[in-house]
Enquirer: 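Quick one: the structure is below, and I'll ask about it shortly.
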Amino acid sequence: MASSLASTPVFPSCGARRGARCVARASASAVAVAVASPSAARTHYEVLGVGAGASRCEIKAAYRRLAREVHPDAGGRGDEGFIRLHDAYATLADPDERARYDRAVAVAAPVRSGSWAAPSGSGSGFRPRRWETDQCW
Amino acid sequence: MRPGYSPFPLLLPPSTSFSPLRTPRIARPQQLLFSYPKKRHRAPPGDSPTRRRRRRRRLAKMAEQLYTVASDSETTGEDKSQPSFPDVAIGIDIGTSKCSVAVWNGHQVELLKNTRNQKGMRSYVMFKDDTLSAGVTGGAAKENAHEERDILSGSAIFNMKRLIGRMDTDEVVQASKTLPFLVQTLGIGVRPFIAALVNNMWRSTTPEEVLAIFLLELKALVEMHLKHPVRNAVLTIPVAFSRFQQTRIERACAMAGLHVLRLMPEPTAVALLYAQQQQQLVNDNMGSGIEKIALIFNMGAGYCDAAVAATAGGVSQIRALSGCTAGGEDILQNIMRHVVPNFDNLYAGQTMDRIQSMSLLRMATQDAIHKLVNQETVEINIDLGNGHKVSKVLDHSEFEQVNRAIFDKCEKIINQCLVDAKLVPEDINDVILVGGCSKIPRIRSLVLGLCKKEISYKNIDALEAAVSGAALEGAIASGVNDPSGSLDLLTIQATPMNLGIRANGDSFAAIIPRNTTVPARRDMLFTTTHDNQTEALIAVYEGEGERAEDNHLLGYFKITGIPAAPKGTVEISVCMDIDATNVLRVFAGVVKPQGPATPPFIEVRMPTLDDGHGWCGQALAKMYGKTLDLAVLPKKLQP
């Protein structure tokens with residue numbers, strides 16, 4: 001999945017959508033960077049904050065702990081942080097996927113990822129739908 | 001209307017008790033026409049239980065002076081935008097047969113009772129002359145109280161949840177034609193015609209309207225209890241509900257003046273309650289804190305769903321969801337057809353005597369099914385009129401034989417859930433059985449058998465679990481903080497159905513597969529199917545079918561201005577995005593060739609369809625299927 005996401009084009013429309021949210025965008029992406037990515041290219045291990053030898057239990061625990069910070073329902077800003085966290089978890093929690101990922105990382109030094117956070121600030125924030133006009137008509 | 005003036009000033013949430021992130025972004029009014037008496041009842045910073053109690057008493061007193069008219073000059077400073085009641089979302093479980101409502105009372109979830117002291121209120125709306133009354137009050141005073149035979153007289157509409165958002169080709173709608181009110185179908189994929197009997201005349205209505213009337217009465221009940229207006233609600237829905245059906249529920253809520261904060265699949269609401277109980281055990285040093293896996297099986301009158309949830313540390317992750325339209329109503333109809341073999345001939349066409357006769361049969365059968373839960377055999381003896389009598393003894397094996405197809409469906413969704421969650425029965429710690437039909441012995445033994453368990457989880461009430469979970473979610477989503485930490489919970493939801501577009505002829509290309517964790521974003525590349533194809537149709541579907549037509553059409557749009565090129569060389573990206581509030585957006589556009597000659601991307605919020613989705617899908621395929629078709633770009637060609 002990571003590779004297909006890496007190919008995700010920068011949606012030109014992303015930034016312009018959700019008019020009311022434009023203001024929040026700059027700060028949202030800033031926070032996303034601060035919380036979720038100290039550097040642009042991060043391995044799944046770095047996203048979860050675990051070592052390369054982490055056990056499945058440690059990975060799960062790290063996922064839960066971080067989910068409580070970055071999930072939009074838990075106060076995280078935008079979906080990006082959580083989507084990336086879940087992506088890392090989904091890969092590392094599955095032994096086969098993890099082995100494949102480890103090989104891929106070992107072969108090609110960390111050049112990938114990062115690019116896909118680029119649809120910058122499609123970060124949504126917790127956005128309860130507004131009045132009924134927003135819901136049905 | 002003056003700018004800045006809101007017609008709903010009473011319904012605004014307070015800004016103080018909300019974190020900025022959770023504050024619903026609603027235009028704050030500059031001046032309030034109506035306002036509550038100010039200051040006195042705002043929560044003081046150091047809130048103690050005694051103070052809270054005192055405040056509640058004051059609130060009770062204030063209910064009498066609810067609508068105080070304040071002049072513009074009185075509403076100055078910061079006060080003007082701060083109505084003082086905490087706008088905590090209520091939880092509603094609209095069942096096919098019964099509804100319930102619950103609220104977070106500051107310490108725990110409390111189910112509300114109606115004037116007849118019922119927590120589970122029969123779901124129906126009675127049409128009588130010019131008056132409408134719903135099952136919340138059930139006709140209010142004792143002498144007017146609706147009895148089951150009134151509800152089955154044709155004057156009441158019920159089973160709204162089975163009818164809402166379905167087209168007339170749907171088998172659930174077809175099966176609803178045996179109900180005492182009028183369900184007329186044309187079989188072309190448009191909405192069915194529904195009507196109630198008023199003074200010997202069929203008066204038309206819609207499932208949304210009926211549900212809205214019911215919700216209005218329910219809202220009034222809650223406001224009477226809480227003594228302040230309510231605006232936000234979390235509702236539970238079946239897993240099998242399409243996104244189109246979800247919009248119908250939202251519309252019914254809007255008609256009733258309720259804002260939908262969340263629509264929660266029923267088993268995930270139960271999972272939330274389970275997560276809270278597990279967290280409580282850890283807090284009390286009784287639990288181990290290690291991950292627990294629960295399989296939740298919920299079967300009511302209209303739907304049946306299953307979910308697998310992994311819970312630890314107050315975080316409950318929905319690993320898999322599946323559901324189908326099998327429920328008590330189907331069991332009832334099977335038994336009715338079994339005891340009256342020429343049922344369909346006998347009750348074809350709704351004449352007054354047939355409606356009456358069928359209501360007698362329905363009541364007797366329902367009664368028998370209920371009795372069979374605790375008895376070995378049950379006797380059905382009824383006089384259906386016109387010299388037609390039924391006398392039958394029913395036992396468990398016969399009951400199970402007649403309903404075998406339904407039990408098979410249950411088995412299928414549980415197995416699918418386990419496979420999707422990549423689990424074996426041994427991995428499951430607890431089996432939670434909820435919903436009215438979970439009392440049926442065969443259902444219990446079937447679910448427990450599939451999960452290889454002897455007993456089910458005990459601390460959850462089968463009929464109150466879903467609504468309690470919804471009220472919990474309501475409190476959490478409203479930003480309520482509980483000092484004891486009992487609201488410190490997070491549910492990581494999954495999407496129950498495949499989402500994708502029509503491609504390669506009539507195929508369905510799933511872009512977000514079912515049970516993907518939400519929020520989610522996935523994309524897929526497509527290409528043109530003709531040389532110099534400049535336009536392409538994006539028809540968005542949801543469902544489990546392999547052919548697009550077997551799924552629910554959510555909406556459609558065209559990509560125009562595709563640069564002229566040989567077929568198969570243009571790359572079109574279709575990206576789907578579900579945010580944390582479960583809103584689906586589709587982005588599409590040309591990604592290769594790049595350059596100034598390519599059109600801008602298109603973003604569409606789905607569903608866009610208002611009605612007639614079955615008919616519309618066929619028309620689209622017939623008109624544009626060949627010329628504007630897309631093909632999935634084979635993976636090996638993708639970069």
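Below, read A as the first sequence line, B as the second, and so on, with proteins coming before strands; counting in each chain starts at 1.
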Enquirer: For the backbone of B:D488 and the side chain of A:R68, can you confirm whether one donor and one acceptor N or O come within less than 3.5 Å of each other?
Expert: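 Yes; judged by distance alone, with no hydrogens or angles, the pair exists.
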Enquirer: Test side chain to side chain contact (heavy atoms under 4.5 Å, CB included) on A:F82 and B:I492; report intermediate values, then the result.
Expert: CA-CA 10 Å; A:F82 180 75; B:I492 301 174; 3.6 Å; yes
Enquirer: Please report the interatomic distance NE2(A:H71) to OG1(B:T517), rounded to the nearest 0.5 Å.
Expert: 8.5 Å
Enquirer: May I ask you to decide if A:D79's main-chain N or O and B:R521's side chain share a donor-acceptor pair within less than 3.5 Å?
Expert: no
Enquirer: To check you understand the geometry: which heavy-atom pair defines the closest contact between B:P519 and A:I83, and what is its length?
Expert: O-CG1, 3.4 Å
Enquirer: Within this structure, what is the CG-CD distance for the pair A:D73 and B:Q493, rounded to the nearest 0.5 Å?
Expert: 8.5 Å
